[in-house]
Amino acid sequence: MTIQAFPDHDTLSQYTAEHIAALINRKPDALLCLASGDTPIETYHRFVALAQDERVDVSRCTFVGLDEWVGFGPDDAGSCSFYVFRDLFTPLKLRADQIHVFNAKADNLAAECARIDALIDARGGLDLLLVGMGMNGHIALNEPGTLFNLGCHVVELAESTKTVGQKYFTQETTLTQGITLGLRHLTQAHEVILMVSGAKKAPTLRDALKGPVSEQLPASILQNQPNAQVWIDEAAGSLL
């Protein structure tokens with residue numbers, strides 16, 4: 001694991017966008033999984049600008065969805081995939097065959113997990129996994145207590161995740177479960193980037209990077225990953 005700090009969120013976002021573009025330019029058929037959430041939105045806006053300026057060609061890439069609230073999909077404002085489509089997939093004008101997100105409305109969620117597991121495993125792992133970190137240290141929707149060796153799975157959401165998740169919706173919304181890539185996919189990815197921004201994440205980030213590695217703090221798994229890069233702004237790293 002390596003840690004790199006940037007002076008502010010804008011600098012972090014531009015650097016990350018250019019890094020993703022450089023990876024794709026090296027490997028045009030890359031398999032990528034890019035998180036939703038507040039932290040990477042500006043990165044996606046800047047990456048789209050690079051694509052529109054023809055500084056990167058995404059026509060051969062494949063994108064995998066990281067996670068989703070069970071019962072929600074891309075057409076539901078507030079869903080994880082809603083934001084990734086809005087800020088990334090749609091502006092990039094990706095073809096449908098380039099996008100593989102969980103159908104979190106499916107009758108058989110186990111089959112959905114198996115489908116995404118098989119896709120990633122058939123490609124020998126993700127070329128790039130870009131994730132954020134929750135206030136409770138979760139990565140994707142791998143909540144505290146999740147086994148490090150799981151693939152895709154359905155999870156009961158922690159109370160803090162249910163509460164924080166409300167910010168993505170315009171009205172009170174019942175959230176109970178999530179469907180998510182597992183931490184096995186993180187350990188097997190060719191490259192992992194954790195983006196963390198803002199002072200409110202500083203205590204959790206300190207514990208995850210400087211405390212013991214524990215399944216009770218999922219982000220701590222990054223300490224043992226030589227393929228992991230932790231990119232933060234100065235506010236998030238203020239306690240390191």
Side-chain angles (χ1 to χ4, degrees), residues 9-10 12-13 16 33-45 63-91 99 101-107 109 112-113 116 129-146 150 152-183 186 193-208 215-221 232-233 235-236 238-239:
H9 184 72
D10 284 348
L12 167 62
S13 299
T16 307
C33 180
L34 307 179
S36 60
D38 292 336
T39 302
I41 287 177
E42 185 60 30
T43 292
Y44 299 157
H45 292 168
F63 292 84
V64 177
L66 179 64
D67 51 18
E68 187 56 274
W69 313 115
V70 168
F72 295 84
D75 294 330
D76 298 311
S79 70
C80 301
S81 50
F82 173 85
Y83 290 104
V84 180
F85 271 87
R86 185 194 70 181
D87 297 314
L88 190 66
F89 296 164
T90 300
I99 302 168
V101 298
F102 289 109
N103 176 5
K105 297 182 177 182
D107 293 332
L109 293 177
E112 279 298 294
C113 292
I116 299 297
L129 175 59
L130 174 69
V131 295
M133 181 190 72
M135 292 297 295
N136 65 358
H138 72 214
I139 296 289
L141 288 175
N142 292 282
E143 300 283 26
T146 302
L150 288 184
C152 295
H153 60 283
V154 176
V155 60
E156 298 295 324
L157 298 175
E159 289 302 319
S160 61
T161 301
K162 296 176 186 178
T163 300
V164 173
Q166 297 302 317
K167 69 181 179 179
Y168 300 113
F169 297 89
T170 57
Q171 58 188 12
E172 188 75 16
T173 301
T174 300
L175 303 173
T176 57
Q177 293 181 307
I179 185 169
T180 183
L181 262 64
L183 295 171
L186 182 151
I193 299 171
L194 171 66
M195 288 183 72
V196 185
S197 180
K200 67 181 180 181
K201 297 282 183 72
T204 305
L205 184 66
R206 174 199 59 205
D207 294 345
E215 290 173 346
Q216 295 305 314
L217 187 56
S220 67
I221 193 175
I232 58 179
D233 61 18
S238 60
L239 299 180

Side-chain donor/acceptor of [X] to backbone N/O of [Y], under 3.5 Å:
X      : Y      : result
Asn142 : Ile139 : yes
Thr90  : Phe85  : yes
Lys201 : Gly134 : no
Asn136 : Pro144 : no
Glu143 : Ala158 : yes
Asp76  : Ser79  : no

Inset, instruction - Report yes or no: do His138 and Thr161 form a side-chain donor-acceptor pair below 3.5 Å? - result: yes
Starting at [atom1] of [X], measure out to [atom2] of [Y] and round the result to the nearest 0.5 Å.
X      : Y      : atom1 : atom2 : answer
Asp233 : Ser238 : CG    : OG    : 9.0 Å
Thr43  : Asp87  : OG1   : CG    : 11.0 Å
Leu186 : Leu150 : CG    : CG    : 13.0 Å

Taking all atoms of both residues into account, what is the closest heavy-atom pair of [X] and [Y], and its distance?
X      : Y      : answer
Ala35  : Pro40  : O-CG, 3.5 Å
Ser197 : His9   : OG-ND1, 3.0 Å
Ile179 : Ala104 : CG2-CB, 3.9 Å
Leu181 : Gly65  : CD1-O, 3.3 Å

Inset, instruction - Carefully, step by step, assess Asp38 and Lys167 under the rule side-chain contact (heavy atoms from CB on, under 4.5 Å). - result: CA-CA 10 Å; Asp38 292 336; Lys167 69 181 179 179; 3.0 Å; yes
Is there a side-chain contact between [X] and [Y] in this structure, where contact means two heavy atoms from C-beta onward sitting under 4.5 Å apart?
X      : Y      : value
Leu205 : Ile232 : yes
Leu66  : Ser36  : no
Pro203 : Leu239 : yes
Tyr44  : Ser13  : no
Val196 : Leu194 : yes
His153 : Thr146 : yes
Asn103 : Glu68  : no
Val64  : Leu129 : no

Inset, instruction - Determine the sole option in Val70, Leu175, Thr163 for which the side-chain contact (heavy atoms from CB on, under 4.5 Å) test with Leu157 is passed. - result: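 Among Val70, Leu175, Thr163, the one that satisfies the side-chain contact (heavy atoms from CB on, under 4.5 Å) with Leu157 is Leu175.
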Legend entry - Identified side-chain contact (heavy atoms from CB on, under 4.5 Å) partner of Trp69 from the options Thr176, Thr173, Leu141: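 It is Leu141, the one option of Thr176, Thr173, Leu141 that forms the side-chain contact (heavy atoms from CB on, under 4.5 Å) with Trp69.
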Legend entry - Single hit among Phe82, Tyr83, Phe72 for ring pair (Phe, Tyr, Trp, His ring centres under 6.0 Å) with Tyr168: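 For Tyr168, the ring pair (Phe, Tyr, Trp, His ring centres under 6.0 Å) test succeeds with only one of Phe82, Tyr83, Phe72, which is Tyr83.
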Inset, instruction - Start with the C-alpha distance between Leu130 and Thr16, add both sets of side-chain angles, then the distance that settles side-chain contact (heavy atoms from CB on, under 4.5 Å), and finish with yes or no. - result: CA-CA 9 Å; Leu130 174 69; Thr16 307; 4.3 Å; yes
Legend entry - Residues, nucleotides or ligands: over 12 heavy atoms within 6.0 Å of Lys200 NZ: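 Not more than 12 within 6.0 Å, no.
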Inset, instruction - Step by step, work out the side-chain contact (heavy atoms from CB on, under 4.5 Å) result for Thr204 and Asp207. - result: CA-CA 5 Å; Thr204 305; Asp207 294 345; 5.7 Å; no
Inset, instruction - Apply side-chain contact (heavy atoms from CB on, under 4.5 Å) to the pair Val131 and Met195, showing each step before the final yes or no. - result: CA-CA 6 Å; Val131 295; Met195 288 183 72; over 6 Å; no
